[in-house]
Amino acid sequence: MEWNYSSAVELLAALRARDVSSVELTEAAITGIEQGDGVVNAICIADFDRARDAARNADQARARGEDGQLLGVPVTVKESYNVAGLPTTWGMPRYANFLPAQDAVQVSRLKSAGAVVLGKTNVPFGLQDIQTFNDLYGTTTNPWDRGRTSGGSSGGSAAGLASGFGALSIGSDLAGSLRTPAHFCGVYAHKPTLGLAAMRGMTPPPSLALPTEADLAVVGPLARTAGDLTVLFEVMIGPDPLTLGVAHDVTLPPARHDGIRDFRVLILDRHPQIATSAAVEAGVNRVAASLAASGARIERGSALLPDLAEAASLYTQFLFSGSAAKFPVDTYEQLRARADGLSIDDCGLDAARLRGMVMSHRDWIELNNRREIHRHGWRQLFGEFDAVVCPITPTPAFPHDHNPNLLERTLDIDGNAVPYFDQLVWAGLATMPGLPATAIPAGLSTDGLPVGVQIIGPMFEDRTTLRLAELLEQDIGGFRPPQLRTDIGRA
């Protein structure tokens with residue numbers, strides 16, 4: 001049997017039935033990586049010797065009658081997570097020899113669940129791109145078309161899953177870094193509610209791994225099926241045992257509905273700040289049509305929806321305030337002078353980026369208050385709807401663009417060039433208020449590229465978006481990506 005494209009749920013069933021051993025699954029995965037990753041370049045750090053040891057231990061544990069959520073299942077880990085004994089560089093060559101002494105919280109949870117860690121997946125420099133390439137580990141390509149990006153910053157994880165390199169992977173998301181690679185590579189990902197999954201050890205080198213709370217960023221799962229996404233999500237959730245975990249356990253509500261016909265879904269395919277490509281709009285409409293055909297109630301608009309343009313501005317300012325926090329003083333002062341020259345009426349995304357990079361603490365407090373008003377608006381919306389379906393980015397995967405000045409890059413949307421970072425507004429729709437969002441495949445473009453959509457849900461109701469993803473996967477089997485082979489990717 002071809003195990004490398006089987007789901008984690010299928011692998012666990014086979015392991016429990018003694019139809020296959022973890023050693024066999026691990027050797028098959030290693031062979032697949034050794035034979036195919038030269039084309040994709042998804043696995044930047046292999047850990048095969050320890051993976052073989054972990055697989056043998058898993059088989060021995062199962063022989064003793066033990067079981068686990070992921071016992072014996074081969075997985076990968078985004079390079080930005082600390083794994084004891086392996087480099088953590090975030091794609092920065094100067095940290096090539098930085099070896100953390102302890103596993104990140106999420107790596108520890110994977111291992112405690114019995115997963116077999118094959119190695120680490122590639123990332124962009126500093127995790128700061130919508131593509132995945134760096135001078136240390138090179139470029140990760142899209143398995144569907146090697147001339148295009150796999151996305152970022154969890155691009156190595158998504159490309160690896162699409163290529164059959166492990167059944168599951170863990171990544172992170174600040175600007176769509178889970179959802180965009182899933183969308184570009186035809187796999188699944190889930191951005192949890194802000195703060196739901198502990199982040200300690202997903203830490204830039206050479207920083208001490210502290211249990212800090214993020215303003216926008218989360219960690220989360222990637223998988224080839226919606227069911228697998230739920231399995232890994234349940235492993236990852238929970239507070240850091242050093243902080244909130246001392247006092248709190250996680251008790252999430254169940255999914256609002258078990259059947260697709262009971263869901264109330266708001267469909268969005270247009271944004272006031274950026275156009276939507278025909279390919280992505282078609283993907284959204286395919287999902288809408290499937291929901292309607294199955295009896296779900298769908299709407300194309302609502303007066304309760306928070307203002308999308310203001311949401312994009314808020315998100316952009318929060319995002320760029322973090323990226324510029326450590327700029328040199330002279331650079332900061334130059335940016336401040338430019339920001340002071342902006343018209344008070346300039347509400348464009350370029351102005352939001354500039355204002356964000358130089359905002360004061362006073363500015364941040366006001367911005368945060370506006371965010372809370374948006375959160376209040378979302379709570380009202382989710383009184384009338386169970387989920388929102390919308391794009392992840394405006395286009396399918398785009399050609400590699402390694403221009404070192406990211407602000408000079410543009411994105412082609414059906415023949416029209418727009419600023420490169422404007423494409424983040426759809427990802428920011430869920431990120432800014434901290435809502436859960438599940439990325440699912442939604443078919444192929446006319447060029448044969450994967451197209452995904454995101455299902456956004458109420459805060460801490462992650463199981464609702466995950467359940468809807470599972471139901472859509474069952475309802476539209478064609479949305480599940482085919483088994484990819486690295487030799488089919490176009491040069």
Side-chain angles (χ1 to χ4, degrees), residues 1-38 42-89 96-122 137 156-157 160-161 163-171 200-202 209 219 221-223 228 231-232 235-236:
M1 181 174 177
E2 170 61 79
W3 295 111
N4 285 351
Y5 287 92
S6 298
S7 71
V9 170
E10 292 167 339
L11 296 182
L12 284 165
L15 286 163
R16 287 166 180 152
R18 304 295 197 270
D19 291 335
V20 69
S21 69
S22 180
V23 167
E24 291 171 316
L25 295 180
T26 301
E27 288 299 339
I30 290 171
T31 298
I33 293 168
E34 290 176 338
Q35 292 179 350
D37 197 38
I43 311 300
C44 60
I45 303 172
D47 198 19
F48 295 159
D49 289 342
R50 291 198 298 184
R52 290 182 171 106
D53 288 341
R56 284 190 289 269
N57 291 336
D59 288 335
Q60 291 167 6
R62 200 170 286 282
R64 295 191 297 269
E66 298 176 21
D67 200 357
Q69 291 166 286
L70 298 174
L71 185 60
V73 175
V75 305
T76 61
V77 171
K78 187 175 180 178
E79 199 275 352
S80 50
Y81 285 89
N82 287 346
V83 177
L86 298 182
T88 296
T89 71
N97 297 317
F98 176 71
L99 298 175
Q102 292 183 317
D103 290 338
V105 169
Q106 295 300 337
V107 174
S108 295
R109 288 178 179 172
L110 280 178
K111 292 179 178 179
S112 294
V116 174
V117 177
L118 297 166
K120 295 179 123 188
T121 58
N122 202 17
Y137 298 122
S157 288
L161 284 170
S163 303
F165 305 157
L168 302 165
S169 193
I170 57 173
R200 179 165 48 89
M202 220 290 297
V219 294
L222 300 100
D228 282 3
V231 170
L232 184 50
V235 171
M236 297 184 71

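No hydrogens, no waters, no symmetry mates; every other heavy atom, side chains included, goes into these values.
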Could you measure the distance from the CH2 atom of W3 to the CG atom of L15? Nearest 0.5 Å is fine. 7.5 Å
Is M202 close to I170 at the side-chain level, that is, under 4.5 Å between some pair of heavy atoms? no
Going by heavy atoms in the side chains, are E79 and T121 under 4.5 Å from each other? no
K120 side chain to D47 backbone, donor-acceptor under 3.5 Å: no
Find out whether L70 and L232 are in side-chain contact, i.e. whether some heavy atom of one side chain is under 4.5 Å from a heavy atom of the other. yes
Just so I know, are the side chains of Y81 and Q106 near enough to count as touching, which here means a heavy-atom distance under 4.5 Å? yes
Take atom CD of E66 as the centre, draw a 6.0 Å sphere, and report whether it contains more than 12 heavy atoms from other residues, nucleotides or ligands. yes
Test side chain to side chain contact (heavy atoms under 4.5 Å, CB included) on V117 and R50 and set out the steps. CA-CA 8 Å; V117 177; R50 291 198 298 184; over 6 Å; no
As an exercise, state the distance from CG of L25 to CD1 of I30, rounded to the nearest 0.5 Å. 11.0 Å
Say whether, by atom type as modelled, one donor and one acceptor occur between the side chain of D37 and the main chain of I43 under 3.5 angstrom. yes
Table please: side-chain donor-acceptor pairs of residues 71-78 below 3.5 Å, with sequence neighbours left out.
from, atom 1, to, atom 2, distance (Å)
T76, OG1, S169, OG, 2.8
K78, NZ, S153, OG, 2.7
K78, NZ, S154, OG, 3.0
K78, NZ, S172, OG, 2.7

Is there a donor-acceptor pair closer than 3.5 Å between any side-chain N or O of D59 and the backbone N or O of S21? no
Separation of R56 CZ from R52 CZ (nearest 0.5 Å): 8.0 Å
Let me see the working for L168 and L222 under side chain to side chain contact (heavy atoms under 4.5 Å, CB included), right down to the final yes or no. CA-CA 6 Å; L168 302 165; L222 300 100; over 6 Å; no
Taking side-chain contact (heavy atoms from CB on, under 4.5 Å) as the test, write out the residues that go with D103, two or more places apart. V83, A84, V107, S108, K111
Check: N4 side chain, F165 main-chain N or O, donor-acceptor pair, under 3.5 Å: no
Any side-chain to backbone donor/acceptor pair from R109 onto V235? Under 3.5 Å, distance only. no
On a heavy-atom basis, which atom in T88 and which in P100 lie closest, and how many Å separate them? OG1-CG, 3.6 Å
